[in-house]
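For reference, positions follow the sequence shown, starting with 1. Computed from a prediction, not measured in an experiment: that's the story for all the values here.
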Amino acid sequence: MSTVAAALLHRIQNGLSKHAVELVYISHSLWPVPKVPPSRNQLRILVLDASFNPPTLAHLALANSLPPLHETNSNTFDNHDYDAKLLLLSVRNADKILKPGDASYLQRLEMLEIFAQNITSKDGLEPNVAIAMIDEPTFVGKSKILQTFIKDRFATLSQRPNYHTQLYFVLGFDTFERLVQPRYYGSEQQMMTSLRHFFSPEGDNSSVVCGRRASSSYPAESVNLAIANEFISTGRINFVDIGEDLSRYSSSEVRNTIRERGLEAAEWKKFVPSGIVSLISAVAWVRRGVAERHPRKYVLDDKELERVSTLARIELEDARIELERAHEAAKSMGKGAEGDEADDQGNDDEENWVDEDDDAMDVDSAPAPKPKDDDLSQYQLDDYDDDIKTTDAGPFSNIKGLTYYKDNEEDPYITLKEDDNDEREELEILPTDNLVVIAKTEDEISQLEIYVYDESEENLYAHHDLMLPNFPLCLEWLDFPPASSSTSASPSANAGLGNYIAVGTLDPEIEIWSLDTVEAMYPNSILGRPDVTKAHVPVPLGTGKKKKKKTKHRTTEKGYHVDAVLGLSWNKVQRNLLASASADRTVKLWDLSRDPTNGMDDETGGGAIRSFDVHKDKVQAVQWNEKEPSVLLTGSYDRTVRTFDSRSPTTGVGAILGSDVEALRWDPWEDHGFYVSLENGIVLNFDVRTLPSNLDNPSPARFTLSAHDGAVSALDINPHIKGCVVTGGTDKLVKVWNVTHEADGGKRNVSLVTSRDLGVGKVFSAVFSPDDPLTIAAAGSKAKLQVWNVGANMGARKAFGNKLREAGKVLLEKEGSSGVVGVVSDDEDSDAEDGEED
């Protein structure tokens with residue numbers, strides 16, 4: 001979902017949405033109408049304002065609460081659940097803006113998807129849940145926008161339902177207090193006029209349900225009781241008891257616990273619903289024999305500082321400070337945000353930054369205690385890495401150097417100690433090992449995690465990690481050493497080859513990291529203009545006032561991207577070429593042999609050698625054709641797919657699709673065929689030779705596959721076995737398909753070989769191994785990486801038996817193997833059999 005969500009976020013932040021609302025997720029296609037429609041002509045919809053970071057069990061209690069009975073005014077509740085539920089994330093807050101270190105909107109959307117999986121239905125039916133973004137800060141404004149949006153949605157549904165809609169805004173006590181504050185309306189008179197229309201059956205017909213600890217905590221005196229009582233007495237404001245224990249589970253309490261005890265602590269995990277902790281957005285394989293046997297350690301010296309300064313277009317002293325911050329962040333990885341990166345520091349400049357209201361939905365609770373200032377000062381950790389200063393000087397000042405040492409461990413002149421030998425052995429990568437790289441976000445920290453997979457021993461373990469500046473969206477492995485490589489690098493064993501990973505994030509820049517360097521703090525190369533785009537500097541989205549000037553698309557630049565990078569593709573034939581797809585609606589071509597800082601004397605210069613404007617909206621995916629190395633395939637949020645020669649982009653062909661593009665792949669077994677997976681669960685196969693240059697003309701697919709119940713967010717074509725396809729979806733399933741051709745080479749037949757829930761949650765990535773014919777790496781919303789040997793399945797061996805023999809591949813059967821290999825975490829027992837075969 002990550003690329004689609006990024007595209008929707010871009011749309012709503014730039015005023016391009018029809019109703020200032022974008023649906024990000026729906027549990028079924030008819031939402032808000034339940035699968036079993038109610039007999040009455042009214043739909044009761046719970047709206048949970050969802051800006052919290054992270055969601056807690058208190059928020060879940062509110063989402064699972066029952067609707068009040070309006071015919072009474074005694075806070076009694078129905079025995080039946082709401083007809084539909086909406087988790088609503090506002091990208092504009094009436095008071096506040098995001099500050100550095102806060103979870104991004106995309107991260108919050110991912111957490112909301114996981115949160116939605118924990119919502120239950122009291123009627124025993126499947127929960128009818130949706131997630132949406134809205135560009136409106138006030139509840140009164142949200143009510144008007146949502147009523148119009150839902151009416152228009154009814155008109156698009158096949159059944160054309162005609163329901164009256166009643167919205168129930170479920171909120172925490174602090175937010176309830178703000179609902180009746182005149183300063184949000186201009187005056188008390190305007191507030192009363194707005195609220196009466198908001199609550200009136202003749203107006204918006206909306207209601208409010210407020211969470212509190214217990215029935216004894218009836219509205220606090222800080223609330224304007226006279227205002228509230230007018231609507232409490234009519235049953236339009238109700239209070240739901242969620243219990244004193246749950247009310248203490250606030251977002252700030254979770255962040256404080258992580259800050260004090262670390263991410264590995266068990267205390268904070270009991271505050272949040274299952275699955276909120278983290279997620280994996282992309283996976284990439286590294287073939288055997290490519291990685292250096294003994295990875296190098298990152299060296300931070302004057303030359304490296306100078307390189308970083310040039311690459312990032314910043315002054316040398318700024319580079320030094322940035323690297324120091326990266327070093328500190330790397331040290332605190334897995335221990336929560338600390339120091340300047342923490343969310344709730346007492347010394348923030350409130351005139352410039354206002355904390356995001358992560359607890360807008362927190363229920364009535366006492367203020368959290370303020371953290372002690374500099375609580376670790378007694379340990380002098382700030383000086384921990386500094387050299388010990390001595391008063392001696394001169395060539396013989398260190399008299400200790402003339403001392404006799406009883407063993408090598410005490411001798412400072414023997415630098416290769418036994419510990420170093422142990423570490424060298426632990427970091428060793430054998431020629432028979434694969435690497436698997438994942439892009440992982442854990443709470444507010446994004447990083448690359450590099451795993452070693454030993455197929456013969458069915459062993460998968462973490463090797464090292466690299467910290468990223470923003471939420472990662474895509475990965476691409478390459479072996480071409482980019483210009484501006486780190487000064488700490490040494491010549492590779494294979495001249496002209498390397499082991500690198502390119503990363504696209506929510507920032508407009510592309511980072512390229514060496515996988516043969518551990519503890520690196522800065523990438524080997526950056527493609528883009530961080531000095532111009534300033535993606536790391538937060539920009540307020542609005543004043544919080546109801547009127548807001550709608551912004552246009554960001555002005556595109558030929559030399560660099562100006563928005564998130566959604567897709568990457570390395571050219572395996574012309575190895576110095578990398579293609580990128582972006583939310584700025586362009587596809588760019590980069591020459592990795594060129595110094596990325598050349599040609600950037602002004603703000604229009606950049607490292608890209610070509611820029612293609614073949615789409616009208618965000619470009620979500622791009623891939624080179626291996627058999628025709630100058631030809632690109634692209635898919636966009638404008639619901640089109642295009643293929644063109646990069647030397648002559650205006651002569652390309654394409655097709656109009658019925659839904660948003662999730663992923664696409666060329667068929668490696670033919671130079672003219674490709675696959676596209678869509679958000680509506682469909683996979684299409686096209687023949688380029690039959691596609692028109694004018695998209696107004698018909699563009700039929702060779703075949704259509706209804707693959708998943710929900711978005712097909714993962715797609716890959718097997719490079720070892722012709723006609724073997726893997727798909728992964730938001731229905732949590734990974735499926736393997738067999739595509740066969742009739743004797744005359746005409747019609748294609750598609751059959752499902754096997755399907756499995758690997759326990760990774762919603763599947764965001766599923767990729768075939770570059771070495772083993774039926775091995776797949778998959779990951780998703782549960783931040784769990786699983787390697788699946790499909791060959792352990794009898795049906796798969798039978799289905800692909802002939803094709804395996806034709807390809808000269810042999811599958812070795814392993815007795816007692818489930819076929820699934822995962823990483824054993826500290827918090828759970830090893831269980832490779834999370835899913836069962838269908």
| request: Measure from the side-chain N and O atoms of Trp624 to the backbone N and O of Ser569, and report whether any donor-acceptor pair falls under 3.5 Å. | output: yes

| message | Would you say CG of Asp687 has more than 12 non-hydrogen atoms from neighbouring residues, nucleotides or ligands within 6.0 angstrom? | response | yes

| said: What verdict does the side-chain contact (heavy atoms from CB on, under 4.5 Å) test give for His708 and Thr730, after you've listed the backbone C-alpha separation in whole Å, the side-chain angles of each residue and the deciding distance to 0.1 Å? | reply: CA-CA 8 Å; His708 290 269; Thr730 56; over 6 Å; no

| request: Taking the side chain as every heavy atom from C-beta outward, state whether Lys618 and Leu566 have any atom pair closer than 4.5 Å. | output: yes

| query | For the side chain of Asp772 and the backbone of Leu774, is there at least one donor-acceptor N/O pair under 3.5 Å apart? | reply | no

| Check: Thr775 side chain, Asn789 main-chain N or O, donor-acceptor pair, under 3.5 Å | no

| query | Regarding Asp516 and Ser514, is there a side-chain donor-to-acceptor distance under 3.5 Å anywhere? | reply | no

| task | Measure the shortest side-chain to side-chain distance between Val653 and Val688 over non-hydrogen atoms and say whether it is less than 4.5 angstrom. | result | yes

| task | Using modelled atom types only, decide if a donor and an acceptor are shared between the side chain of Ser677 and the backbone of Val712 within a distance under 3.5 Å. | result | yes

| task | Decide yes or no on side-chain hydrogen bond (donor to acceptor under 3.5 Å, both in side chains) for Trp737 and Ser751, but give the supporting numbers first. | result | CA-CA 6 Å; Trp737 308 84; Ser751 58; over 6 Å; no

| Please walk me through it: do His28 and Asp709 pass side-chain contact (heavy atoms from CB on, under 4.5 Å)? | CA-CA 9 Å; His28 67 95; Asp709 185 11; over 6 Å; no

| task | In sequence, state the C-alpha distance, the side-chain angles, and the governing distance for Tyr500 and Leu515, and then conclude on side-chain contact (heavy atoms from CB on, under 4.5 Å). | result | CA-CA 5 Å; Tyr500 299 91; Leu515 297 176; over 6 Å; no

| query | Side chain of Thr643, backbone of Leu633: donor and acceptor closer than 3.5 Å? | reply | no

| Any luck finding a side-chain donor-acceptor pair between Trp477 and Asn499 under 3.5 Å? | yes

| task | Over all heavy atoms of both residues, which pair between Tyr25 and Lys762 is shortest? Give the atoms and the distance, please. | result | CE1-NZ, 2.9 Å

| request: For the residue pair Thr727 and Val683, establish whether any side-chain heavy-atom pair is separated by less than 4.5 Å. | output: yes

| query | Does the salt bridge (Lys or Arg N to Asp or Glu O under 4.0 Å) test come out yes or no for Arg575 and Glu626, once each step is laid out? | reply | CA-CA 11 Å; Arg575 294 174 42 252; Glu626 290 186 31; over 6 Å; no

| query | Are Glu670 and Arg702 within salt-bridge range, i.e. N to O under 4.0 Å? | reply | yes

| field | Asp716 vs Arg665, side-chain contact (heavy atoms from CB on, under 4.5 Å): CA-CA, chis, key distance, verdict | value | CA-CA 7 Å; Asp716 200 23; Arg665 290 287 186 276; 3.4 Å; yes

| request: Take Glu455 and Tyr453 through the side-chain hydrogen bond (donor to acceptor under 3.5 Å, both in side chains) test and state the conclusion after the steps. | output: CA-CA 6 Å; Glu455 188 273 337; Tyr453 175 61; 5.2 Å; no

| task | Please name the pair of heavy atoms, one in Val565 and one in Leu473, separated by the smallest distance, quoted to 0.1 Å. | result | O-CD1, 3.6 Å

| note | With Arg288 as partner, the option from Asp433, Asn434, Thr432 fulfilling side-chain hydrogen bond (donor to acceptor under 3.5 Å, both in side chains) is Asn434

| Is there a donor-acceptor contact under 3.5 Å from the side chain of Asn625 to the main chain of Asp671? | yes

| task | For His294 and Ile429, indicate whether the former's side chain and the latter's backbone hold a donor-acceptor pair under 3.5 Å. | result | no

| request: Spell out, as yes or no, whether a donor-acceptor pair under 3.5 Å connects the side chain of Thr505 to the backbone of Pro472. | output: no

| field | Whether Lys85 side chain and Ala63 backbone form a donor-acceptor pair below 3.5 Å | value | yes

| task | Decide yes or no for Arg293 and Pro431: does some side-chain heavy atom of the first lie under 4.5 Å from some side-chain heavy atom of the second? | result | yes

| query | If only atom types and distance count, is the side chain of Lys440 paired as donor or acceptor with the main-chain N or O of Gln447 below 3.5 Å? | reply | no

| said: Is a donor from one side chain sitting under 3.5 angstrom from an acceptor on the other, for Ser769 and Asp771? | reply: no

| field | Over all atoms of both residues, closest heavy-atom pair of Val283 and Ser765 | value | N-OG, 3.2 Å

